[in-house]
Number of protein chains: 2
Amino acid sequence: MGGTDTRNLTRQLADYVTSARLEDIPEEARKEARRALVNFMGCALGGSRHDAMDMTLAALGPYAGPPTARVLGRPEHTDPLLASLLNGISSHVHDYDDTTPSNYIHPTSPVASALFAYASMHPVRGADLELAYVLGYETVTRIGNATYPAHYQAGWHSTGSIGVFGAAVAIGKLLGLEAAQMVWAIGLAATQSAGLREMFGSMAKSFHPGRSAQSGYVAALLAQRGFTAGGHALEGPRGFAAVEAADYDLAMVSEGLGRKYHFHQNTYKPFPCGIVIHPTIDACIQLRRSHQIDAGQIAAVRLRVAPLVRDLCDKKQISTGLEGKFSVYHAASIGLVRGKAGLAEFTDEAVNEPLMRQVRERVVAVADPAMSEDSVQVEVAMQDGKTHSLLLEHSLGNLQRPLSDAQLEDKFRDQATMLPATQVEALIAACWQLERIDDVRKLVTLAVPRAG
Amino acid sequence: MGGTDTRNLTRQLADYVTSARLEDIPEEARKEARRALVNFMGCALGGSRHDAMDMTLAALGPYAGPPTARVLGRPEHTDPLLASLLNGISSHVHDYDDTTPSNYIHPTSPVASALFAYASMHPVRGADLELAYVLGYETVTRIGNATYPAHYQAGWHSTGSIGVFGAAVAIGKLLGLEAAQMVWAIGLAATQSAGLREMFGSMAKSFHPGRSAQSGYVAALLAQRGFTAGGHALEGPRGFAAVEAADYDLAMVSEGLGRKYHFHQNTYKPFPCGIVIHPTIDACIQLRRSHQIDAGQIAAVRLRVAPLVRDLCDKKQISTGLEGKFSVYHAASIGLVRGKAGLAEFTDEAVNEPLMRQVRERVVAVADPAMSEDSVQVEVAMQDGKTHSLLLEHSLGNLQRPLSDAQLEDKFRDQATMLPATQVEALIAACWQLERIDDVRKLVTLAVPRAG
């Protein structure tokens with residue numbers, strides 16, 4: 001096991017996944033896995049009413065199977081394969097889900113979208129779902145790290161193209177596949193690996209984790225029935241790595257399997273917008289709170305930012321929430337006016353609110369090559385002559401300043417507006433207590449609107 | 001239109017596809033399209049009872065939607081998306097479907113598998129299906145030619161990775177998509193483009209055209225509902241060509257669109273086995289017929305073949321039909337013993353038949369670099385001292401010696417053994433008369449076993 005011999009890597013991974021037990025995984029990794037699932041669940045609820053969801057249901061609902069499964073955040077019943085697709089779209093459509101900076105993958109959406117679809121119709125213990133998720137996450141992150149940056153730079157949206165492996169492995173684990181079947185599941189995942197970065201800026205981006213969740217689920221179901229695939233899907237001469245990455249180190253997939261976990265590499269976005277304007281939002285929220293700033297009395301705001309920020313987010317004259325997600329001026333304004341930046345701060349209404357617009361017009365941003373992309377300097381001049389300033393070196397949500405459990409919960413609540421508050425609190429509690437839940441269907445019931 | 005400006009290639013293709021009319025397509029292309037569909041239909045029937053089909057139905061049938069569609073050659077009713085997948089598997093699983101030597105794609109399976117699934121549940125005129133098929137075929141072949149050989153050499157099984165475009169375009173045409181929607185359909189196809197050559201030798205190879213038929217169908221359905229995708233899926237900096245081919249000439253996609261057709265590049269396999277042993281089979285069948293050879297009286301058979309033939313097909317001690325598909329010794333034997341080489345000649349029974357085994361053991365194959373892969377010299381020595389020999393320069397089924405309509409029909413009949421002979425003849429006639437059929441469901445009814 002391990003080492004640098006990767007000639008049977010796919011089989012090695014299959015052997016590990018099929019034999020892994022939750023009790024062998026350290027509590028630190030399990031805790032972080034639950035934090036990732038809390039974050040995922042909130043995002044799935046937050047995106048559940050997006051147009052892309054309604055369109056997908058309208059397009060594919062007529063061909064859905066018996067309605068035995070549930071879609072997170074939605075009243076509809078459908079089959080678990082379509083539910084996987086829908087959960088993947090909802091949890092990624094606001095670009096608010098988790099990110100692994102070592103490979104730029106959003107690792108949880110493709111894995112958990114399939115798992116909760118499966119567990120919405122089968123009796124699954126919470127501990128078993130958590131284990132399957134850990135294995136799916138590790139599979140995605142290890143393959144992602146082993147092929148980064150070449151795979152991503154080639155133009156693959158690795159959340160889709162690598163996410164599919166995690167979904168296949170996770171569903172395969174719940175199905176109880178044997179190692180030979182797991183090899184086929186990984187092969188059938190590899191041969192469905194897809195997703196182009198050319199789709200960024202369109203709904204198709206959110207389709208990627210959805211389709212990879214669904215394709216991974218299909219791979220595991222087929223493998224269970226004996227549908228064969230090549231035995232060297234990852235490492236073979238025409239396998240995933242050779243075909244989809246110009247450079248790679250496959251030893252990173254097997255290195256320390258079962259001993260090392262990669263959850264410390266995962267991060268959670270505090271704000272549903274372009275990551276380069278996160279420091280500005282964060283600093284402005286802090287300034288507002290520290291100095292009890294009355295936004296109506298602001299005379300001027302000066303930002304010193306990394307040049308990339310102005311390259312990507314320099315638009316001041318905006319009228320839609322989507323534009324607001326990529327405006328550093330809107331970012332400063334929402335921090336100072338509202339002291340928060342949830343989904344409600346990136347609506348058309350928020351962008352067009354008079355006070356928000358007034359503050360935005362008073363913001364000036366200066367690009368400074370000395371500033372890192374994770375930092376910002378903000379200076380707020382008040383009409384009474386006072387000045388407040390802050391130099392922020394690491395933005396909230398980055399590896400250096402992870403979101404606290406309480407902040408993850410706040411983010412969750414902000415997105416779960418379609419559910420009654422008591423149900424939201426019960427759902428949050430259930431997510432934290434995942435290991436002790438005897439049937440995940442109880443949790444899923446809390447994640448959908450109640451009938452009537 | 002046309003020329004070498006490919007900056008809006010995806011839109012150009014979408015404009016063409018949405019506006020194309022059957023009456024603008026020359027009869028020569030339409031006739032060849034029908035030949036391709038006759039060949040496809042026979043292959044779909046021939047593979048319809050393969051284990052891979054039963055496994056797929058067992059794995060995914062429980063999640064299928066309302067059973068409004070039919071699977072070619074099968075008694076089951078299912079939804080059109082699963083039917084697309086199944087038609088794609090059956091029509092490719094024996095490696096007996098058509099091939100375009102200019103790009104090594106099997107172009108018809110992914111396109112026609114989706115089309116007949118669609119037309120099994122919607123009223124579609126034969127002329128409209130034929131038009132949609134021509135557009136799907138042209139899309140696949142043009143993208144295939146434009147990215148060959150780099151795309152294939154990189155390890156992609158282009159029947160899957162490019163077939164998906166043809167399915168999306170063909171179904172999009174039947175759905176009546178507008179050009180903007182067709183652009184999205186092409187984008188959603190591009191971002192599902194998948195299929196690795198690493199899967200060759202396993203069932204996953206036949207999964208490729210099936211999944212691409214299904215994914216293209218999904219792409220068109222989503223686009224119809226407004227689900228957006230990037231607008232430059234083919235030509236963009238992170239689009240299909242840039243990501244999946246190291247070298248390409250996208251002008252070949254648009255060049256002569258609506259004026260030039262590529263059906264003359266398509267070929268039909270006469271025998272369900274490795275293509276390099278086709279010349280041997282062909283020559284032996286001809287020798288047997290010309291000299292009324294009694295296989296029991298054969299003393300020795302000497303073959304002179306291209307070196308690649310022995311590299312790939314040199315196994316003489318065989319016991320399974322699958323091994324027979326890649327044995328030049330079995331190839332000579334079936335030609336001389338049975339005078340034909342259909343599915344029945346590649347079963348375990350055929351391989352183990354005493355006379356077949358006896359002749360096989362008397363075959364010697366000599367590799368000669370002077371022989372092309374399309375040629376063979378065969379010398380048959382009889383026990384009475386007579387010798388018969390033949391030098392074959394071009395094997396049946398290649399571009400130089402296309403199968404005749406009658407030979408396509410014989411190939412069809414050989415594969416349609418699950419249907420009564422009268423039904424087979426009616427189905428063949430219906431395929432030839434496709435343009436005059438007012439509802440393709442009448443044709444599909446002939447392509448499935450009758451109830452009871």
Visitor: How far apart are the closest heavy atoms of Phe227(B) and Met55(A), and which atoms are they?
Guide: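 Distance-wise, the nearest heavy atoms are N-SD, 3.5 Å.
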Visitor: Less than 4.5 Å to any heavy atom of chain A: does that hold for the side chain of Gln153(B), its backbone, both, or neither?
Guide: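 The backbone, not the side chain.
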Visitor: Less than 4.5 Å to any heavy atom of chain A: does that hold for the side chain of Gln224(B), its backbone, both, or neither?
Guide: neither
Visitor: So, for Leu188(A) and Phe207(B), which heavy atoms are closest and what is the spacing to 0.1 Å?
Guide: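 Smallest heavy-atom distance, with atoms named: CD2-CD2, 4.2 Å.
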Visitor: Tell me the closest heavy-atom pair linking Ser202(B) and Gly230(A), and the distance in Å.
Guide: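 Smallest interatomic distance, heavy atoms only, reads OG-N, 3.4 Å.
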Visitor: Where does Ser193(B) contact chain A at under 4.5 Å (heavy atoms): side chain, backbone, both or neither?
Guide: backbone
Visitor: Work out which heavy atom in Pro66(B) is nearest to a heavy atom in Pro62(A); give both atom names and the distance.
Guide: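 Heavy atoms only, the tightest pair is CD-O, 3.6 Å.
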Visitor: Taking side chain as everything from C-beta outward and backbone as N, CA, C, O, which of these in Leu222(B) sits under 4.5 Å from a heavy atom of chain A? Side chain, backbone, both or neither.
Guide: both
Visitor: Let me know which of Glu198(A), Arg211(A), His208(A) forms a side chain to side chain donor-acceptor pair (under 3.5 Å) with Thr191(B).
Guide: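 Of all the options given, the one that passes is His208(A).
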Visitor: How long is the span from the NE2 atom in His232(A) to the CG atom in Leu196(B), to the nearest 0.5 Å?
Guide: 14.0 Å
Visitor: Out of Met199(B), His157(B), Lys205(B), return the one with the most heavy atom pairs under 4.5 angstrom to chain A.
Guide: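 The candidate making the most pairs under 4.5 Å is Met199(B).
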Visitor: With chain A as the partner, which of Thr228(B), Leu221(B), Asp79(B), Asp54(B) has the greatest number of non-hydrogen pairs under 4.5 Å?
Guide: Thr228(B)
Visitor: Examine whether an atom of Ile89(B) lies under 4.5 Å from a heavy atom of chain A, and if so say whether it belongs to the side chain, the backbone or both; otherwise answer neither.
Guide: side chain
Visitor: Pick from Gly61(B), Gly187(B), Ala246(B): which one has the most heavy-atom pairs with chain A under 4.5 Å?
Guide: Gly187(B)
Visitor: Using non-hydrogen atoms only, which part of Met121(B) is less than 4.5 Å away from chain A: side chain, backbone, both, or neither?
Guide: side chain
Visitor: Shorter than 4.5 Å, heavy atoms on both sides: which option in Gly226(A), Ala223(A), Ser161(A), Gly201(A) has the most such pairs with chain B?
Guide: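 Of Gly226(A), Ala223(A), Ser161(A), Gly201(A), Gly226(A) has the most heavy-atom pairs under 4.5 Å with chain B.
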Visitor: Return the option, out of Ala69(B), Pro80(B), Gly231(B), with the maximum number of heavy-atom pairs under 4.5 Å with chain A.
Guide: Pro80(B)
Visitor: For the candidates Ala220(B), Ser215(B), Ala242(B), Gly160(B), which exhibits the highest count of non-hydrogen atom pairs separated by less than 4.5 Å from chain A?
Guide: Ser215(B)
Visitor: Between Ala64(B) and chain A, which part of the residue has a heavy atom less than 4.5 Å away: side chain, backbone, both or neither?
Guide: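 Answer is backbone: N, CA, C or O of Ala64(B) sit under 4.5 Å from chain A.
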Visitor: Below 4.5 Å, heavy atoms only, C-beta onward: do Leu82(B) and Tyr63(A) meet side chain to side chain?
Guide: no
